[in-house]
**Student:** 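Can you keep this structure in mind? I'll have questions shortly.
These values consider heavy atoms only, across backbone and side chains, with no hydrogens, waters or symmetry-generated copies. Chain letters run A, B, ... following the sequence lines, proteins first, then strands; residues in each count from 1.
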Amino acid sequence: MRHLLSTQDLSLENAIRILDTAEEMAAVGEREVKKLPALRGRTVVNLFFEDSTRTRISFEAAAKRLSADVINFSAKGSSVSKGESLKDTAQTLEAMSADAVVIRHWASGAPAQLATSGWIDAAVINAGDGTHEHPTQALLDAFTMRRHLSRLNGTDSTGSNLVGLRVAIAGDVLHSRVARSNVWLLQTLGAEVTLVAPPTLLPVGVEHWPCAVSYDLDSVLEAGVDAIMVLRVQAERMNDSFFPSTREYSRRWGLDDARLARLDTLGMKDTIIMHPGPMNRGLEISSAAADSSRSTVLAQVRNGVSVRMAVLYLALSGDLRDPPPRLPPPRTAVDNRPNTRADETRENAR
Amino acid sequence: MTAQKTADQAGPEAAARYLIRGASPLGKEQTDLLVQDGRIVEIGSGLSARSATVIDAAGLIALPGMVDPHTHLREPGREDAETVETGSRAAALGGYTAVHAMANSSPVADTAGVVEQVFSLGRDAGWVDVRPVGAVTVGLAGKQLAELGAMADSRARVRIFSDDGICVSDPVLMRRALEYVKAFDGVIAQHAQEPRLTEGAQMNEGKVSAVLGLAGWPAVAEESIIARDVLLAQHVDSRLHICHVSTAGSVELIRWAKARGIKVTAEVTPHHLWLTEELVRSYNPVYKVNPPLRAEEDVAALRAALADGTIDVIGTDHAPHPSEAKDCEWAQAAMGMTGLETALSVVQHTMIESGLLDWEGFARVTSVAPARIGRLAGQGRPLAVGEPANLVLVDPAARWTVDPRTMATKGLNSPFSGRVLPGAVVATFYRGHPTVLDGKLNSPYRQANPRGIQGEH
């Protein structure tokens, strides 16, 4: 595959390859000179039709660490907001010889259209489309979980999968591209996923997904869970009767202080708490939970750069089905640390 | 097939006499049909070709000219998408001799003036009968009844009224509309879509929408309106027509209503008889349509309902759009598909080649029943001596590849583009005149007194 449009069509082989490559990229981030010449002379365009500073700077950092030229194209204040079509924008970028287009769009399917319409020849990376998918977020989540699992097992994360890992994804699944991408990818990697949400925030048809579904967060916690991924819930949803009030939501489905404490009493000392950000503290997650030693929120952000470096590198260096690429050797012996596992632990301990 | 004039024919318009040699009416035994002065004047084998243009129709099926209860011709207002001229050319090529032009033009066809304009444009084009559909409410706004009586009494003789594209969702307004049109034997054609349940809806709500992250258009939004409206129609004893039925549940409700004697008729589009929501996985907006493509079990239920008469008619819901309306993000794309030039082939594929319908049944659902619903005299008539010569010759063995760029419609938005379809229209006779010959446009019908006021023939 030249493009990364979804995790649903990502094979196990390619998923592992991206995660393994991301491990190598993470090592680069540990060096004094955090830069590889891999994509020198290549142009990566960040095409953002929706505000997302976090995702954009993550992709920007990833591309720059690979020495690519980066152009940020934001829909706000550009011709896009004056009615220029996606097609015309795409063809403009094509005329500028973009090698890869990282696209964030409010419309589900826009990256797929960009990749298949023939408007553009560049590799297309989906940086989140509508309520469809956000594949690099799922990959960085999986990367974070894989490191956690490896640390617990005392094994090397490279080459490993997530078989046996119990993951609960709690929140607004209906409107969440993060949930969708995670369900497919985690299933591919062998994890057991349970979605926890009010019935109004689960899509009709969720019964066909390769995961369990629950309306009761407490019983899911009691059954045992290794990672709890909390999804952002917009308070405005209550105006559309998805739930009666933010307080009721927090009581029933929020990861609050009581449930955080419950993890301890249930003896789940290694269970991690994840959140794709930005968090609504006090709504879907309490501050204590967000800031606890279980939280991987900051590790997720940092891992995002490594995963996006891997995706850009693999998309631009050729077919993902090709043999894994060989990275140039590190410049100094000092920087040649095998992995960042120790650092990960430090992050978790904060 | 080639049309050959006999030596002693005086001229192209003078004789207006055509001998259709060896056609199979409704797919039955071969016979000759002699057409003269707009009527079928003789049927039998071995008819004399004297002074007639002979059309070799061996292997061709003769059918009554198709009648579309549901077409969007876009004129006035969106002549960039379609005009009455281009749309009625497409209709003739598709085997139609009459189309009902939906009211959602700009200005809306909600006055006698606009429906007469559309009617006149159709008559001047001369390819098919263009029968305007009148809007139920002023400006399709769903607030106040349009002057339905004025449209009924106009030269356009409107009998079908619809706010198609928008549901008449106010139950009181719907009740009054159903009652009111009884005064002139009209029918309300409902676009059944509960508006609140479909806000922002992009595709069928179900297992595919869940994966694609597109807002769902649930079947219940269609079915709840149908359930309400058949009960209203029963209560006030009025005629109700349901446009583009798309779900298995709707079929059950209509079957129930018909069993109770409620005067309801129903329509299905060719695309809903074949295509499913699985196509939306491509995010190609050519598959965006309202009501949306549904699931496999809905398609099966619709086919069975059309075969057993629960659904009465095929309506194309031909909805051409300029390419920019489809060359964009799914959520921004316009809803609708072209259909006039593919309807016959799609129905042949889905209903006849599947064994669900024979050609007589085809004539029922594409001609007889829609003409009756629209109270359209001179259309949907039997292929018999003395009847108006609105008929079509079809080669059921033909196979062709759909290419929107070669079609008469301006719309490139055919969901069948690239598919190989069975069955081709070889000739269309409209009022005894061949509008289509050898599968190509021939010439439009010209009346003796084109500007004069004329009644239905």
**Student:** Heavy-atom pairs under 4.5 Å with chain B are the metric here; pick the option from A/Gly109, A/Ala107, A/Gly130 that has the most.
**Tutor:** A/Gly109
**Student:** Using distance alone, with no hydrogens and no angle check, list the donor-acceptor pairs under 3.5 Å between chain A and chain B.
**Tutor:**
residue, atom, partner, partner atom, Å
A/Lys87, NZ, B/Asp327, OD2, 2.7
A/His105, NE2, B/Glu329, OE2, 2.7
A/Ser108, OG, B/Gly213, O, 2.6
A/Gln113, OE1, B/Trp330, N, 3.3
A/Gln113, NE2, B/Tyr283, O, 3.3
A/Gln113, NE2, B/Cys328, O, 2.6
A/Thr131, OG1, B/Gly213, O, 2.5
A/His132, ND1, B/Tyr283, OH, 3.3
A/His132, NE2, B/Tyr283, OH, 3.3
A/Arg180, NE, B/Ala210, O, 2.6
A/Arg180, NH2, B/Ala210, O, 3.3

**Student:** Examine whether an atom of B/Val208 lies under 4.5 Å from a heavy atom of chain A, and if so say whether it belongs to the side chain, the backbone or both; otherwise answer neither.
**Tutor:**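 Neither the backbone nor the side chain of B/Val208 comes within 4.5 Å of chain A.
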